[in-house]
Amino acid sequence: MLQILANGIITGGIIAVMALAFTVVYLPTRIFYIALGGVYAIVPFLAWTGLQWGWAWYVAVAFALVIGVMLSLGCELLNHAWLEEKNASSGTHLVSSLGIYIIVVQAIAIIWGNETKVLRQGVDGVFNLAGVTLTQAQVGGAAIALLTIGSFYLWLQSTKLGLEFRALADNKNELALRGFSIQKLRLVAFGIAGLLSSIAALLVSWDVGFDPQGGLAALLLAVVASIIGGSQSFFGAVLGGILLGILRSQVVWFLSAQWSEAASFAILALFLVLRPQGLLGQKLRLESES
Amino acid sequence: MNYFLHLGIYACIYSIVAMSLNLAVGYCGLLTLAHAGYFAIGAYTYALVSVKLGWGFLPAVGLGMAIASVASLAVSMSAWRFKGDFFVMLSLAVQSLLFSLFYNWFKADADFGTWANLTNGPFGIAGIPKPNIFGLQFQTIGSIALLAAVLAIACGAICWLLVSSPWGRLLKAMRDDELVARGLGKNTRFVKMQVMAIACAMAALAGAIYAGYVSYIDPSAATLNESILFVCMILVGGVGNFKGPLVGAVLLIALPEVLRFVAIPDAIAANVRLGIYGLCLVAIAHFRQQGIAGEYRIE
């Protein structure tokens with residue numbers, strides 16, 4: 001029982017990082033950023049290639065993270081910034097982002113093939129803590145996820161850029177009127193989203209392996225988590241992610257792994273019907289909802 | 001010749017799907033990603049009752065359409081309260097549930113088609129008989145192409161009559177401003193239920209033709225990628241009028257065939273094709289948001 005809970009919290013922590021990545025873009029810009037799934041899919045392949053070339057693991061990871069962030073920035077510079085200038089609807093943003101996701105995934109499949117790969121070699125070390133058995137990858141993943149989330153909040157709450165960022169999420173027009181550059185802050189949002197999703201992707205692929213198609217499922221899980229947690233706050237995404245992780249591990253244990261996808265979406269439907277603002281959200285006035 | 005008939009059958013199947021999706025997306029503004037699930041409902045129903053019970057084509061298709069229109073309540077009831085991104089997510093939830101159902105209603109030691117193992121899970125159902133109407137067998141590819149064409153034209157005629165009727169105008173009014181339509185005393189919830197029931201039933205019909213032609217069905221027909229392909233089709237072709245989805249369906253069938261003449265290795269041909277669909281979506285978003293021949297811009 002404790003074992004399932006521990007597994008759930010660790011998976012949930014990684015989902016939370018990805019959910020945070022989605023929310024960082026969605027809250028300030030209202031862009032449904034599907035191409036983030038493409039970033040998530042390509043980063044492990046880049047790290048894997050680096051390792052194949054005989055680089056040290058930290059060089060390969062840094063290389064993958066940098067390319068992941070650059071890809072995400074490219075999505076903003078070459079796609080969403082243009083569309084925003086043309087005053088495109090949110091549906092158009094979604095469609096173009098979906099297009100980019102498809103292109104990235106197919107490019108991965110053409111370059112690296114469709115097989116599932118693993119980042120680590122051999123069997124993982126095992127820890128035993130009070131009757132709970134955890135692998136090295138799980139403990140490391142949990143620690144890094146915690147560190148990532150923690151440093152994001154520190155940045156958000158205590159730096160000037162973080163303050164501007166919260167203001168952007170709250171009221172974009174007023175921030176622009178006060179002379180801040182919305183374009184610059186949007187770039188920051190896409191950069192952070194790329195970094196967070198790259199970290200989540202590397203953690204997952206370190207633990208269970210990766211293939212080109214995994215990005216969309218991970219992204220959708222993140223969206224579900226952020227809606228459950230309350231899509232108006234940055235903290236809700238983390239809470240939703242951990243809850244979703246726990247729920248999924250229960251479903252895998254008691255039903256079967258194939259049902260976990262359906263169970264997460266059933267929970268989403270339940271929340272949207274009963275509490276559409278999420279756990280931490282407040283009811284908004286009708287005209288400020290979007 | 002057989003090659004062109006094969007393409008023709010696919011063009012008919014996808015035209016039916018595109019026209020039905022156009023009713024939901026183009027005339028109601030409801031971007032649903034659950035359509036592949038309903039396509040698969042039609043295909044599975046036809047497969048099961050024709051293999052297990054020996055039903056003919058028409059009653060089997062009728063049953064599939066009936067099941068799909070009842071199941072469409074899942075999508076239309078989400079449309080009662082949600083629009084935009086949230087509706088997309090809920091339709092995705094429906095798609096995921098349907099896919100899980102097809103994938104998981106499976107027990108290794110039971111015969112397929114029984115209550116314990118209805119869909120034969122990941123292995124799918126093989127040996128589905130070709131369509132059979134009142135003892136008339138559609139065995140050859142030419143006769144199936146004829147059947148598909150007749151059904152596609154019938155669906156096109158139904159769509160044409162629907163969208164040019166007062167009911168079709170009500171759909172557009174609801175899409176453009178639901179509050180005003182309700183203010184005029186129209187029951188928009190009921191209209192959404194009707195539209196979704198019709199659209200899902202037509203998708204089920206297309207699924208049944210597909211199952212009858214290919215003689216094999218497995219859960220991959222209900223995946224999210226399949227839904228994305230359908231949506232891709234109508235977004236590229238355009239929505240909100242009659243010709244847009246047809247253009248999209250024909251274009252997305254013809255595009256990979258054109259690619260055959262360019263020297264692309266077989267191993268990556270499928271990936272190149274999907275990549276081009278993605279490129280089309282980006283280009284549409286930037287340069288022509290209503291699609292090639294469409295009228296309505298997605299909100």
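Naming convention: chains lettered A, B, ... in sequence-line order (proteins, then strands); numbering from 1 in each chain.
- Qualifying ring pair (Phe, Tyr, Trp, His ring centres under 6.0 Å) partners for B:Y103, counting only residues two or more places apart in sequence or in other chains: B:F99.
- Under the 4.5 Å side-chain criterion, counting only non-hydrogen atoms from C-beta, B:D85 is not in contact with A:R30.
- Neither the backbone nor the side chain of B:L98 comes within contact range of chain A, judged by heavy atoms closer than 4.5 Å.
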Carefully, step by step, assess A:F265 and B:M89 under the rule side chain to side chain contact (heavy atoms under 4.5 Å, CB included). CA-CA 9 Å; A:F265 278 107; B:M89 286 307 293; 4.2 Å; yes
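- For B:R297, there are no salt bridge (Lys or Arg N to Asp or Glu O under 4.0 Å) partners two or more places apart in sequence or in a different chain.
- Heavy atoms of B:I276 lying under 4.5 Å from chain A are absent altogether.
- Proximity to chain B involves both the backbone and the side chain of A:L272, based on heavy atoms less than 4.5 angstrom apart.
- Highest contact tally toward chain B, considering only A:L268, A:I227, A:I110, is held by A:I110 [criterion: heavy-atom pairs under 4.5 Å].
- Neither the backbone nor the side chain of A:V105 comes within contact range of chain B; no heavy atoms are under 4.5 Å apart.
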In sequence, state the C-alpha distance, the side-chain angles, and the governing distance for A:Q106 and B:V272, and then conclude on side chain to side chain contact (heavy atoms under 4.5 Å, CB included). CA-CA 7 Å; A:Q106 299 313 324; B:V272 170; over 6 Å; no
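- For A:I100, the parts lying near chain B are the backbone and the side chain together; criterion is any non-hydrogen pair under 4.5 Å.
- Rounding to the nearest 0.5 angstrom, the gap separating the CD atom in A:E261 from the CG atom in B:N104 is 11.0 Å.
- Checked against side-chain hydrogen bond (donor to acceptor under 3.5 Å, both in side chains), A:Y40 has no partners two or more places apart in sequence or in another chain.
- Within residues 71-79 of chain A, the residues having any heavy atom closer than 4.5 Å to a heavy atom of chain B are A:L78, A:N79, listed by residue number.
- Of the listed residues (A:G113, A:A217, A:A262), the greatest number of heavy-atom pairs within a distance under 4.5 Å of chain B belongs to A:A262.
- Residue contact with chain A, scored on non-hydrogen atoms closer than 4.5 Å, involves the side chain of B:F82 exclusively.
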